[in-house]
Amino acid sequence: MNPANFSRDRALRGDRVGPARKRALVWLIAGTILLISAARGNVAGVALALGLVADDLAPPSPLGAAPSFPIAIGVAAASPASGAILGAIFVMRSWLASVNRDYFPRALIQSLVLGCAFFVGGNLLAASPLRAGALYIAALVAIGAIHLLADWVRGHQPGFETRSRLNAMTSEPLMRLGIAVITAGIVASGSPLAILALLPAAGYLGAAQWTRERRREDRAAMLQALSGLLQYAHPYTLGHMQRVAAMADRLGARMRLGPAHRQRLAEAALLHDIGKVALDEAVLEANRPLTPAEWEHVKNHTTLGADIVSAANKADPAVPWIRHHHERMDGAGYPAQLAGDQIPLESRMIAVIDAYDAMTGAGYDATFRRYQPPVNAAEARLELRRCAGTQFDPQVVAVFEAVLTEELE
Amino acid sequence: MNWDQLALLYAVATSGWWLYMATSRWPVARWASLNGVARAFATAVTFRAPHHRVNADACADLVRRAGENLRLPPVEVARLRFAAQISDLGLAAVPHRVLNGQLSAEVDAVIAGRHPEIGGAMLDLLPLGGDVAELVRCHHSGGNSLSETLVALAGECSIREQVAGSAAARDLLVIRLVEADDPTRVDAARALLAASARG
């Protein structure tokens, strides 16, 4: 599992319409609206068609972050009668551009609420371009509130999900406000050709989004490389960290973590053993039980791994997850002897997966860990159950077993 | 001014802004966004080889300031800074006993000495890595281009500062300045001196 592909993979699995057909449908609708609107001199329609095309060319994004959004605000502020049509178009946009199945109901609700709000608000407000700015800010606040409420209902940690969406929605704020105000003014003045002046701004928003996506992919590739660094030092870890990361994503989905949270968890799982890069391979590859001094040396890897990740970003939530992934529920773990709920949930999840993969030893060189040969999947599950409550979180073990069972079916 | 004129002005302004961001800020931001991960790489290598400790942050900052002194393009400065920070990642492939002073054979010293080449090979496998692989390969030997020379000089300066203090590092650079008959290297050494002095 490549965290960089996470969003795209989810999008592909969640899409109800294939990408090519989706694009064809969007352009067909946009083209129809454009032709009819241009023929009638309807600037609002031209603006909306432009927005739909801009959305399609840009990477998938939450509603408030889409290039079409400020255009739509401007249209609604200047032409109240378009509010109802706007709502219908956003419903269609939500269906076509849903990033994943989890997001689609939320996007639908946002679209319906916004469509009604535009119609009502547009009629209440005088057709003032400057008030388009106020309407845009109010709409962002409303969307943010809907996200928070949805996260709370689904039990997601809002810090992960809503923060990432709000960051996207509030990026390039002056550009977006400018689009909304200019659109409203142009629609009110009724000059169809002037709407083309919005092309550079809409294009800029899309280009900015593309660069952000590319930076995210670069970072994910570098994180993969960082985990790969361990494999140069300790080749026996080949595949282990990637398997743990892939399983962490599946376990996180089953435990109803939000998409951004799962992505962070997968990245942490990918790097959970990075601290071993500092360890002596002669100790790690010893064909015997370790001496107390050697064991102390190995135990350092949790703290070292946390320090390595912390060097990239001190505020990274993954730092404590990596530091505590060898704690035990009964407090007999390391490095901090945390117990029960003191241990971050994510650390408890990584602990279960890490132990399972270590026990089954899939892909390990057979000469490694000769003093503790690998076991089959059924025995590993038995061992997890036996240690549930003492070493592992019993709830996490139960959900993990359900994930394993699903994979076998 | 009516709305049509305002729209036209807005179009010109956003086009100009787009051009500026695409040619200047976004390429720099692409490298800058990786500084944190580069720092993580450098920390990992430092944990593995504590006796080989080079302050990667200081070296990277030295390269950045020297590059600015030389009026290199901002994207090049960002690239050099990244390369300086990540230059020793090849040490991860060198055996622990070799890195920590237990050389048992000449071949161990050769392996350790090949870490720039190993690091370059690692970076060749990464999407952005190819852009800095050659810099990493040359970070102890120096190279033909100004960029390669700068990264190599800065790395050497940083090591000497760690070992013997800033005065020794500057002495080194003065010697380089005197010995160099290549204006490019003279300029690079001067820029490093200026950057060290400011720091």
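Atoms considered below: every heavy atom in the structure, side chains included; atoms not considered: hydrogens, waters and symmetry mates. Note on naming: letters A, B, ... go to the chains in the order of the sequence lines (proteins, then strands), and numbering restarts at 1 for each one.
For the pair A/Glu281 (side chain) and B/His96 (backbone), a donor-acceptor distance under 3.5 Å is present. When atom types are taken as modelled, the side chain of A/Arg219 and the backbone of B/Gly36 share no donor-acceptor pair closer than 3.5 angstrom. Here the side chain of A/His297 pairs no donor or acceptor atom with the backbone of A/Glu294 at under 3.5 angstrom.
A salt bridge does not link A/Arg214 to A/Glu217: none of the charged side-chain nitrogens sits closer than 4.0 Å to a carboxylate oxygen. Salt bridge status for B/Arg48 with A/Asp280: absent, with no side-chain N to carboxylate O gap under 4.0 Å. With respect to B/Arg81 and B/Glu68, no salt bridge is recorded, no charged nitrogen being found less than 4.0 Å from a carboxylate O.
Remark: B/Phe82 engages B/Trp31 in a ring pair (Phe, Tyr, Trp, His ring centres under 6.0 Å) (not counting sequence neighbours).
Chain B forms more heavy-atom pairs under 4.5 Å with one residue of A/Leu199, A/Ile179, A/Leu271 than with any other, namely A/Ile179. Heavy-atom pairs under 4.5 Å with chain B peak, among A/Gly275, A/Ala278, A/Ala225, at A/Ala278.
When heavy atoms are compared at a cutoff of 4.5 Å, A/Ala208 approaches chain B by way of both its backbone and its side chain. Heavy atoms closer than 4.5 Å to chain A are found in the side chain of B/Leu34, but not in its backbone. Only the backbone of A/Leu279 comes within contact range of chain B, with heavy atoms under 4.5 Å apart.
Applying a 4.5 Å heavy-atom cutoff, the residues of residues 15-23 of chain B that approach chain A are B/Ser15, B/Trp17, B/Trp18, B/Met21. By a heavy-atom distance cut of under 4.5 Å, A/Asp307, A/Ile308, A/Ala311, A/Ala312 are the residues of residues 307-317 of chain A near chain B, going up by number.
Aromatic ring centroids of A/Tyr204 and B/Trp26 lie under 6.0 Å apart. Aromatic rings of A/His301 and A/His272 (six-membered ring for Trp) have centroids beyond the 6.0 Å cut-off, not under it.
Listed by first then second residue, pairs satisfying salt bridge (charged side-chain N to carboxylate O under 4.0 Å, His left out) with a partner in residues 6-30 of chain B read A/Asp218-B/Arg30, not counting sequence neighbours.
Ring geometry for A/Tyr334 versus A/His326: interplanar angle under 30°, hence parallel rather than tilted (30 to 60°).
With a 4.5 Å cut-off on side-chain heavy atoms, A/Thr302 and A/Ile322 do not count as touching.
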